[in-house]
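A, B, ... follow the sequence lines: proteins, then strands. Residue 1 opens every chain. In what follows, every heavy atom counts, from backbone to side chain, and hydrogens, waters and symmetry copies are set aside.
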Number of protein chains: 2
Amino acid sequence: MSTHRASISDLAAQLNLSVSTISRALSDHASISDATKRRVWDLARQLNYQPNQLAAALRKGRSNTLGVIVPHIDGHFFALVLKGIENGANQAGFNVMICQSNENAVHEKKNLETLLNAQVEGILVSLSLTTKDVRHFEDVRRRDLPLVFFDRILESPEVSAVVLDDYQGAYQAMKHLIGQGCTRIAHIGGPQHLNICKNRYRAYVDALRDHDLPYDPTLVHFCDLTLPEGHEAMEVLLRQNPGLDAVFSANDLAVAGAMQVLRAAGRRIPEDVALAGFSNELFTLLTEPHLTTVDQRCEEMGRTAVRLLLDMVAEQPRRLAPRQIVLQPELLVRGSSQRRLPE
Amino acid sequence: MSTHRASISDLAAQLNLSVSTISRALSDHASISDATKRRVWDLARQLNYQPNQLAAALRKGRSNTLGVIVPHIDGHFFALVLKGIENGANQAGFNVMICQSNENAVHEKKNLETLLNAQVEGILVSLSLTTKDVRHFEDVRRRDLPLVFFDRILESPEVSAVVLDDYQGAYQAMKHLIGQGCTRIAHIGGPQHLNICKNRYRAYVDALRDHDLPYDPTLVHFCDLTLPEGHEAMEVLLRQNPGLDAVFSANDLAVAGAMQVLRAAGRRIPEDVALAGFSNELFTLLTEPHLTTVDQRCEEMGRTAVRLLLDMVAEQPRRLAPRQIVLQPELLVRGSSQRRLPE
DNA sequence: CGCGGCAGTGCAACCGTTTGCACTGTCCGA
DNA sequence: TCGGACAGTGCAAACGGTTGCACTGCCGCG
């Protein structure tokens, strides 16, 4: 058994046909007789013929490959989005090349070049935190290559993007807490230069106002939303407001930290203090009681982004207007906030 | 600005040189004069020339791409391994194509074909749970294509593989528990057809024997290691052995479940019952006390596997003997098992 | 003066597939 | 009987690089 893969010309030689006939037969072209097609197909199976995608890609100018750039691949969120992307692309017969920028703009630029050299047909990007200068994406535009941002997007009406409606998700969480009878609701917020954190904070403010609850600055604490910072935030908030009766946090990790502090301070959850987080991390089901949170539709975001990209790829004269898709999050009410039985 | 990418022949035309000279100049070939090289490089930069990897790959028969097949991409473990793989490959100038088998052998086979058609230069695989028949990997062997398994491997001396020494990790955890003075140690084990689970159980048995502790079948419970099954396992074990003083679980999720049950039963942790898990999941730092666990060196596994694969790719006459690399895990002692102060 | 060697460049084949066009033969209608 | 339509096939040029070999000068040495 040789190490040589059967090529189209091997088939041609064995059947006394030309390579063009083989090529057409394999792609079921109309102008090839059924008899010939059958002969070709039979031999192809027999020799275990597998087309060389590279050659086809080169000739057709279509690589059947999509590129993805994410800040990092570990962590719940991006992993799930990638899962959605990968599955969606595969179903459409596309391969996926994944690059990590490691939250580094220089890396991101290099990734972009790599993908362009690999002749991908379209690119999905979630920006790195350090990306300020976005000139490297100009290249993509100039080549008329479909480009879709997701989650961490370039804020511009000229680009296509898929994002979650963070504001809505946060607003729903707040509405739920208020509905449980909470009136002194604290907020643990994230870095306000991130639009996701900004939107969650905005929703907090707006929800209070819409329900005629006063805004109290001592009930709000901003931090980096890690576990220890969640601890610290809760300690500060509790000191300033011993009477608070709920906490809405911009992520799950911080609220998990807050929960530990509250427990240590003898507060019952949810009877004394109701809790709600954001992201639907796995561990929200590991705390006791389980944490109320907002699901970010990660996999759906991936599927949606890739579908949008594939639409753009298919559109021949590339005149599709840029589209922005906003996904609706889902509030998951669990024990940490459920003080009244649902009626 | 045209949509056309500058090609090597564009450079040739503009400089009145042949394409071969351009090609050689770009790759810094010795037989091209420095003056010419400089002219070529200058123009290349000016036109923003980017080589077409596809064409080069086709001609050279080297795609500069590696393929990876994982059971799934979400979840802590594989995400981290992939991170290691991706970084290692990129540093060596290789692209990575990632496929998910979704724990499905049929999918896995299809993934393999996809990667072969894409002309990858080597393949990394972690087997799906449902893979019993491994004939599809024969193709890879016949083509003389480098193949490295990791974590969930094909048990055969003829394949290259990277695995964790699960036995050692489990043994260390057991030794630690025994060192804390525990004598009635329960084990929550996983499916015994998985070698990782089998090895962890073996270590449990051996550690008891080596420390002159009796093996008691009522202290052992096998299940699928989910959170609810962890609950159930703990309930059963506690009923059968109210006096148990430690639990070693084959993963972290199950021990988290066990912890909740123990807490509900009024047991103090670690004073009454010491706990140890396996995998160093993120949430092990979210429980109170934090969970003692065994780190699996995920990223290192990825880096190691890709390095091994690249060695095989580089080896020209493919006569490298298959190598099996075993990584040493690291026991992380935390609150859930620390009954005595370290001396 | 002739010849070998070397530096620098070009020619052309090749990788495996696709595709516009030309070609052959057959059959049918006028 | 002839022309044209049509089905079925082949030729050859792409796609964008890489590479073995041939070629052209020029220089130095015997």
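- Atoms NZ (B:K60) and C1' (C:dG16) sit 17 Å apart, rounded to a whole Å.
- Each salt bridge (Lys or Arg N to Asp or Glu O under 4.0 Å) pair with one or both residues in residues 85-114 of chain B, not counting sequence neighbours, appears once here: B:E103-B:R152.
- Within the structure, ring pair (Phe, Tyr, Trp, His ring centres under 6.0 Å) contacts touching residues 77-100 of chain A (residues at least two apart or in different chains) are A:H72-A:F78.
- Rounding to whole angstrom units, CG of residue B:L58 and P of C:dG16 are separated by 7 Å.
- The base of C:dT17 is not paired with the side chain of A:R59 by any donor and acceptor separated by under 3.5 Å.
- For B:R297, the side chain to side chain donor-acceptor pair (under 3.5 Å) partners two or more places apart in sequence, or in a different chain, are B:E300.
- Not counting sequence neighbours, the partners of B:S20 by the side chain to side chain contact (heavy atoms under 4.5 Å, CB included) test are B:S18, B:R24.
- One can place CD1 of B:I32 at 7 Å from C1' of C:dT9, the figure rounded to the nearest angstrom.
- In this view, B:R59 satisfies the side chain to side chain contact (heavy atoms under 4.5 Å, CB included) rule with no residue, not counting sequence neighbours.
- The CG-C1' distance, from B:L11 to D:dG17, rounds to 12 Å in whole Å.
- Within the 4.5 Å cutoff, the side chain of A:L127 has no heavy atoms near those of the A:I153 side chain.
- Taking A:H107 as the reference, nothing meets the ring pair (Phe, Tyr, Trp, His ring centres under 6.0 Å) condition, with sequence neighbours excluded.
- Using a 4.0 Å cut-off on heavy atoms, the residues of residues 14-29 of chain A that approach DNA chain C are A:S20, A:S23, A:R24, listed by number.
- Legend: residues meeting side chain to side chain contact (heavy atoms under 4.5 Å, CB included) with A:V134, ordered by chain and number and at least two apart, are A:T131, A:F137, A:L154.
- Rounded to whole angstrom, the span from the CG atom of A:D10 across to the C1' atom of C:dG16 amounts to 10 Å.
- Nucleic acid contact class of B:S33 (heavy atoms, under 4.0 Å, all strands): sugar-phosphate only.
- Every residue was checked against the salt bridge (charged side-chain N to carboxylate O under 4.0 Å, His left out) condition with A:R323, not counting sequence neighbours, and none meets it.
- Across the protein-nucleic acid pair, A:N64 atom CG and C:dT18 atom C1' stand 14 Å apart, rounded to whole Å.
- One end of the helix from C:dC1-D:dG30 to C:dA30-D:dT1 points its axis 70° away from the other end's axis, with each axis taken from 5 pairs and the angle rounded to 10°.
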A:R143 and A:L116: side chain to side chain contact (heavy atoms under 4.5 Å, CB included), yes or no, with the steps? CA-CA 10 Å; A:R143 295 227 181 100; A:L116 290 176; 3.2 Å; yes
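- Computed from coordinates, the B:D34 CG to C:dT9 P distance equals 10 Å when rounded to whole Å.
- We find that CZ of A:R62 is positioned 16 Å from P of D:dG16, with the value rounded to whole Å.
- Evaluation of the salt bridge (Lys or Arg N to Asp or Glu O under 4.0 Å) test over residues 37-49 of chain B, restricted to residues two or more places apart or in two chains, returns B:D28-B:K37, B:D42-B:R45.
- Annotation: proximity of residues 35-55 of chain A to DNA chain D (heavy atom, distance under 4.0 Å) is found for A:T36, numbered in ascending order.
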